[in-house]
Q: 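Here it is: the structure, laid out below.
Residue numbers start from 1 in every chain, and the chains themselves are labelled A, B, ... in the order their sequence lines are given, proteins ahead of strands.
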Number of protein chains: 2
Amino acid sequence: MKLSEGVEWGLHCVSVLAGLPSGATLPTKTLAEYHGLSETYLSKHLQALTNARIIESVPGPRGGYRLLRLPEEITLLEIVEAIDGREPLFRCTEIRQRGPLACEASAQAYRLPCGIHVAMARAEKAWREALKTQTLADIVNQYTQDVDPQQQQRRNQWMSERLRSAPKKS
Amino acid sequence: MKLSEGVEWGLHCVSVLAGLPSGATLPTKTLAEYHGLSETYLSKHLQALTNARIIESVPGPRGGYRLLRLPEEITLLEIVEAIDGREPLFRCTEIRQRGPLACEASAQAYRLPCGIHVAMARAEKAWREALKTQTLADIVNQYTQDVDPQQQQRRNQWMSERLRSAPKKS
DNA sequence: GGATGAATACTCGGATATTTATTGTCCGAGTCATCCTGG
DNA sequence: CCAGGATGACTCGGACAATAAATATCCGAGTATTCATCC
C-alpha cells in the first residue's frame, strides 16, 4: 500500500502558493515546470484541492490558483484527504459475520463492534491526528528556517517573474 | 489509498490461531471456510505471515498453521507489515530537486531533509507506534470480553472438531 | 482620440486511454498417514 | 501378531492470469485580454 504520489505534488504546490503575496496566483504550467512534473496530471490534483476548498481557481488569461485560506488554517490532513480521498485506510468488511457459524449466531452477538476494526481504527486516528496538528504554516516556517537563504531568494525571484496579481477577491 | 484486504484476513486468522491449544494447528481450508474466504488467496497471505515468522506451517496430512510465538509477543504492526509490506505510506521522491532552479542550486542546499517528508513521516510514525503498542493478546482478550459466551463456545466446538494436535515442536 | 465590439490566446474542467498494483487462481513439491505384504 | 515398505492423499509453496486502481493524457468550455474598427 502506498499513498498517491499526487499527495506529494499537492503538498509541495500549496507550500509554494503559501509563499506568494496575498491574492496572487500561479497557473498549473508554472507549478508543474517548477517541480518538473506533468502539467496535465498535476492539473487533476489541483482540481481536487479546489473541490476541497483549499485553493481556488481564477479562470482565463492571467488566471491560476491561489490559497483560499490562511496557511495557519490549512492542516496537512485536509490536503492529504483532498487528494487521496476521505475513506479509511482499513475497511472492516465484517468477515466475522460470513462464516458457517455466523448464520446461526444470534443477532445481538454482533452488536458490539469488531475488535480488530476498533484496534485498526485507533491507529488510524493517531495518524490523522498527527496530520491534523500540523498546518501548512508549519511547513512554510520550517522551509524558511532550513533552506539556504540564497536558494530561497532564487525561488522568490523566479516566482515573482511568473505570478499574476489578483484583480479582485471572489 | 487503502490497505490490502488481506490485512483484515490475516488479523482474523491469527486471532483464531491464538485461541487454539498450545501446539495445535489449523489448515488453510478450515480458516478459509470459517471466515467465508477464498482458500487459495488466503493461502497467499498465510505464506506471507510464515515468511515473517509470525506463524509456522506444518506440512503434510494433519498439517496446518500455528502461532510461532505467544500472542503477547506479536504486535499488530508485525502482522500488518507482513502482509502489506514494510515500505512507508508516503514516499518522498525529492521533487524539490527536480525543477529548473534545482540544477543551479548548491549541493548543500539539500543536505537537510525535505520538510514535507519529515511532516509525513511524523504522522506515519504515530500510526506505526499505535499498531506496535497493541498486541494480538489484546485482540483476543477483547474478544473474550465482548463476544457472546454462547457464540464463543460454538466457535471452540467447531474448531476443536477440525484442529490437529501437533506431533512435536520444531 | 476614445469607446465599442469581435476575435484571440490562455486558463481551468471533466471525460478518456495506459500503466501499475492488487486480487484471485492454478499446478507442482514435499510429507505424513495409511494400507498391504511378508516374516 | 508385528515390522517394514510402498502407495496414496493431503498439505504448503511459488509461479501464473484477471480485475481494479492509480497514472497519464487529451480535448472542450469559459474568460479576460487585445486589437481593429467605428464614432
Q: To the nearest Å, how far apart are Glu5(B) CD and dT22(C) P?
A: 13 Å

Q: Measure from CG on Asp84(B) to C1' on dT22(C) and round the result to the nearest Å.
A: 10 Å

Q: Whole angstroms only, please: what is the CD-C1' distance between Glu87(A) and dA20(D)?
A: 14 Å

Q: Looking at Tyr143(B), I'd like to know if the NZ or CZ of Arg155(B) sits under 6.0 Å from its six-membered ring centre while staying within 45 degrees of the ring's axis.
A: yes

Q: Applying the salt bridge (Lys or Arg N to Asp or Glu O under 4.0 Å) criterion to Glu78(B), which one of Lys132(B), Arg86(B), Arg69(B) satisfies it?
A: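 Going through Lys132(B), Arg86(B), Arg69(B) one by one, the salt bridge (Lys or Arg N to Asp or Glu O under 4.0 Å) with Glu78(B) is satisfied by Arg69(B) alone.
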
Q: Please report, rounded to the nearest Å, how far the P atom of dG24(C) is from the CD1 atom of Ile83(B).
A: 14 Å

Q: Check the side chains of Glu8(B) and Thr93(A) for a donor-acceptor pair under 3.5 angstrom, ignoring hydrogens and angles.
A: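 Yes, a side-chain donor-acceptor pair sits under 3.5 Å.
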
Q: Between Arg96(A) and Glu94(A), does any side-chain N to carboxylate O distance fall below 4.0 Å?
A: yes

Q: If a protein heavy atom is under 4.0 Å from the base, mark B; if only from the sugar-phosphate, S; if neither, -; do that for nucleotides 3-20 of chain C going 5' to 3'.
A: ------BBSSBB------

Q: Compare side-chain N and O positions of Ser38(B) against OP1 and OP2 of dT23(C) and report whether any pair is under 4.0 Å apart.
A: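 Ser38(B) to dT23(C) OP1/OP2: no side-chain N or O under 4.0 Å.
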
Q: Counting N and O atoms only, with roles assigned by atom type, does the side chain of Arg62(A) sit under 3.5 Å from a partner on the main chain of Arg164(A), one being a donor and the other an acceptor?
A: no

Q: Between Arg128(B) and Glu81(B), is there a salt bridge with N-O shorter than 4.0 Å?
A: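 Looking at Arg128(B) together with Glu81(B), the answer is yes, because their closest N to O distance falls below 4.0 Å.
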
Q: Please give, in whole Å, the distance from dT11(D) P to Arg162(B) CZ?
A: 13 Å

Q: Taking atom C1' of dT23(D) as reference, at what distance in whole Å does atom CE of Met1(B) sit?
A: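 Whole-Å distance recorded here is 16 Å.
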
Q: Atom CD of Glu56(A) to atom P of dT31(D): distance rounded to whole Å?
A: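 So the CD-P distance, Glu56(A) to dT31(D), works out to 15 Å.
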
Q: If you compare every side-chain N and O of Tyr41(A) against the phosphate oxygens of dT23(D) (OP1, OP2), does one of them come in below 4.0 Å?
A: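 Yes.
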
Q: Using atom CG of Leu37(B) as one end and atom C1' of dT25(C) as the other, report the distance to the nearest whole Å.
A: 15 Å

